[in-house]
Amino acid sequence: MPSRAVLRYSFGMDAQTTQALIRFGLGRRGTEAPPTDPQAWLAAQLAGPDPAQFPRFLPSVADGLTLLREQRRLHEPVVQPALQADMRAQTAELITTAAPFRERLVWFWANHFTVSLRQGDTGAVLGPFIREAIRPYVTGPFFEMLLAVMRHPAMLMYLDNAGSFGPDSPAGQRGHRGLNENLARECLELHTVSPASGYTQADVTAFAAVLTGWSVELNTLQPGFIFRQDAHQPGAKTVMGQVFPPGDAGGVLALDFLAHHPATYTHLATKLARHFVADTPPPQAVQAIAATLHDTKGDLGAAALALTRLPAAWAQLAKFRTPFDFAVAALRLLDLPTDKPPMLPGVLNALAQPVWNAPLPNGWSDRAEDWAAPEAMIRRIDWSYAAAAHLGDRDPIEMADANLGPLLRPATLAAMRGAGSRRDALTLLLSSPEFQRR
Amino acid sequence: MLVSRRSALLGLTAAVTIGPSSLALAQAATDRRFVVVILRGALDGLAAIVPHGDPQLAVWRPGLIPPPNGPDALLDMGGFFGMHPSLAGLHGLYAAGECLPVHAVAGGYRSRSHFEAQDFLECGVDRRVESGWLNRTVGCLPARHTPAGEAVAIGVDIPLLLRGPAMVGNYAPDGAERPQPDLYARIAALNAGDRLTGAAVAEGLRERDFSTATLSGATPVPGVPPNSFAGLAGAAGRLLAAADGPRVAALELGGWDTHADQAARVKGPLKQLDDGLVALKQNLGDAWGQTVVLVMTEFGRTVRMNGTKGTDHGTAGVAFVLGGKVAGGRVAGIWPGLAESALFENRDLAPTTDLRGLTKGVLAAHLGLDGRALESVFPGSAGVTATSGLLRV
């Protein structure tokens, strides 16, 4: 029926525009103006610095460590309010940003380099970690991000490197202390070359020795990263056949080597393609991104741009939304004030993907099978019903049309039209198969 | 297609918002109950069942051994081994002959990655496949249909261990405002044809009905938060005890990756495990006599204490077999010793029992699986002998 068609496309979005908004972006926010040229819109977000503006009172890592030190000294809970403010500000950015592709990249890389609140007493430094070691680097060389991450107190605390001593270093000898290989292992396995590269236990141990002395100084005016020469294992070390000199520079050289390793490019390309193309991405997609990383010496902006140019990345609704994707898209659809419930952290607690709380250093899964369990689906439905109470006097059919355009299925539209209330209609939209996808 | 690590694993410190643990259950036409507890993050076997009779122990890890006397002293196991003081409930089962620790156990996996080792632990195969060995076990048991459908589960996700062709669903305690049944039905219909969401929504609604009915009227364990590990384990006990309830359950508990300050950090998870196993037994009631519980972890930890008073990723560790008919009250397995020359790659407890053999022994003795069924549960494990003598006859 022509009249229906007029209604369905009244917001003027074609399928490609909608796909750009949900696959690369975070879902359309309310009735914000859709991009006129999706490719150009995505590319523009990769130019220039991170546009996110955060309140000046959010702590730097030095501020966070000072709070942590004072909390330990005075037994006053001063860290939690700072953490809450940081989490509120950074999750509000997901809802309000006008550069949602770039913001998606921020959370992708923060998940790649997972620091979680679950261990290492990281509450004081986790927000600063993402603002200082992730955000500035998502369109730059991978090596720069890797270096910023590995020298950031948050990662050094989360994966225990701050207390790792060279057994033959002066401090190690004095205190009978030794290596902690946690960070070295996860850096090889998760952050860079991956087990596919064939490294051995000896490589893990040697890399841990390379990183001895990379630590955190709390008791100073500007607490932060410190290289503790007297905790550093003396002598050259061999990691994956490469010899690295002793000292702080040895660690930087090792990260340089790992960041530019072909196995790292393949590992990163696989993860990017899994996030932007499909759970099991086509090998050509992975190869294309790996080749871009190789040709640009690991330029993450170039890799992101290359992703937008893969035809496979535009296949409609090919990715299942994680609870994170689902909740962000739903809150953007609802377009409510970000300082009142429902707020993202609470929503993600209810949906079992709590913010900055990944159980393990490998972060949250990017695969449908990990998120489509029966109880998980029922929780989405229950939350959708609760969230739909915030509909106000808006028309859910118009909201559906604005949000999904031509990707809204006739069956969903029919079910919404037949619903007993506007709240039920919006619950049906949020519980529809197409809204579970991006 | 490769199967990923499950990702929504619920670890310890999020107990304020979501469960610390998860539980999944499956149905089968048998009176026998089988519970698998996965300890994610690698439990240090030498911290749980402490070989204090081995003279090398104090050499390798002087800061990690509980004192011989006082309230934090090791619990007596009759000589060579002692049990961690946080495992008082388990120690009671040991004294009653219903707890069998098996030491120096490891799967067939050797590269010390949590994530690959957990996949291996759950798949039971040295390559990643799409189903877990416990799901394949359910597939070997006679199926039955009950009001709950083929399966019921508790927890927001299903671990790889229980994923596969045999139907398994899940359920988690919750108290939010919910849609009316009619709206649920419309949502189920809207999703019915969808490859991913169709079956999941239908299954989720059915299981929630059954579990809510079975658990209604009282909290599963009085005084225990329903989302704690003990709460979920207690709920599992009640569901498994029901005449028309599920027969197979998988529980998981995190918090074991004790790279630093292990002596302090391992106490909490051990206490939670202990409380959970006690709650499980309590709520199983008479069915405890028909139950075997297998507690396992992906690998053990280094014998030597590391530079931060913790331990790093190792190889062999400890497993537990529990139940009313378990031939317990002793430590099973061959003790490889802690002499430097006996350590695996000069760092880890050497494996002397294959975890697959131990599991096969349980499946054969308790669930009656024959050789062919065992081969389908653990493909390629023909050379791994099933451990015998696990149950009293």
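We name chains A, B, ... by the order of the sequence lines, and we start the count at 1 in each one.
For the set A:Gln201, A:Glu186, A:Arg437, the count of heavy-atom pairs under 4.5 angstrom toward chain B peaks at A:Gln201. With chain A as the partner, the residue from B:Asp261, B:Thr197, B:Leu190 showing the most heavy-atom pairs under 4.5 Å is B:Leu190. Of all the listed residues (A:Asn182, A:Leu159, A:Ile381), the one sharing the greatest number of non-hydrogen pairs under 4.5 Å with chain B is A:Asn182. Heavy-atom pairs under 4.5 Å with chain B peak, among A:Ser164, A:Ala368, A:Ala415, A:Pro195, at A:Pro195. Each of A:Asp160, A:Thr322, A:Thr427 has some count of heavy-atom pairs under 4.5 Å with chain B, and the biggest count is that of A:Asp160. Most heavy-atom pairs under 4.5 Å with chain B, from the set A:Thr412, A:Ile378, A:Val204, A:Thr200: that is A:Ile378.
Between A:Leu428 and A:Tyr385, every side-chain heavy-atom pair lies at or beyond the 4.5 Å cut-off.
Salt bridge A:Glu375/A:Arg380: absent, no basic N to carboxylate O contact under 4.0 Å. A:Arg118 has no carboxylate O lying under 4.0 Å from a charged side-chain N of B:Asp257, or vice versa, which leaves the two without a salt bridge. At a threshold of 4.0 Å, the pair A:Lys319-A:Asp279 counts as salt-bridged, since one of the basic side-chain nitrogens sits closer than that to a carboxylate oxygen. Looking at A:Glu181 and B:Arg347, a side-chain N of the basic residue comes within less than 4.0 Å of a carboxylate O on the acidic one, giving a salt bridge. A salt bridge links B:Arg112 and B:Glu345; the closest N-O separation between the charged side-chain nitrogens and carboxylate oxygens is under 4.0 Å.
Residues of residues 297-310 of chain B having a heavy atom under 4.5 Å from any heavy atom of chain A, listed by number: B:Asn306, B:Gly307, B:Thr308.
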>> If you apply the rule salt bridge (charged side-chain N to carboxylate O under 4.0 Å, His left out), what do you find for A:Asp203 with A:Arg185, and how did you get there?
In response: CA-CA 9 Å; A:Asp203 292 318; A:Arg185 179 184 303 281; over 6 Å; no
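When heavy atoms are compared at a cutoff of 4.5 Å, B:Asn191 approaches chain A by way of both its backbone and its side chain. Using a 4.5 Å cut-off between heavy atoms, A:Pro323 does not touch chain B at all.
The salt bridge (charged side-chain N to carboxylate O under 4.0 Å, His left out) search around A:Asp230 returns A:Arg174, not counting sequence neighbours.
Centroid-to-centroid, the aromatic rings of A:His191 and A:His267 stay 6.0 Å apart or farther.
Using cut-offs of 30° and 60° on the angle between ring planes, the pair B:His114 and B:His259 is perpendicular.
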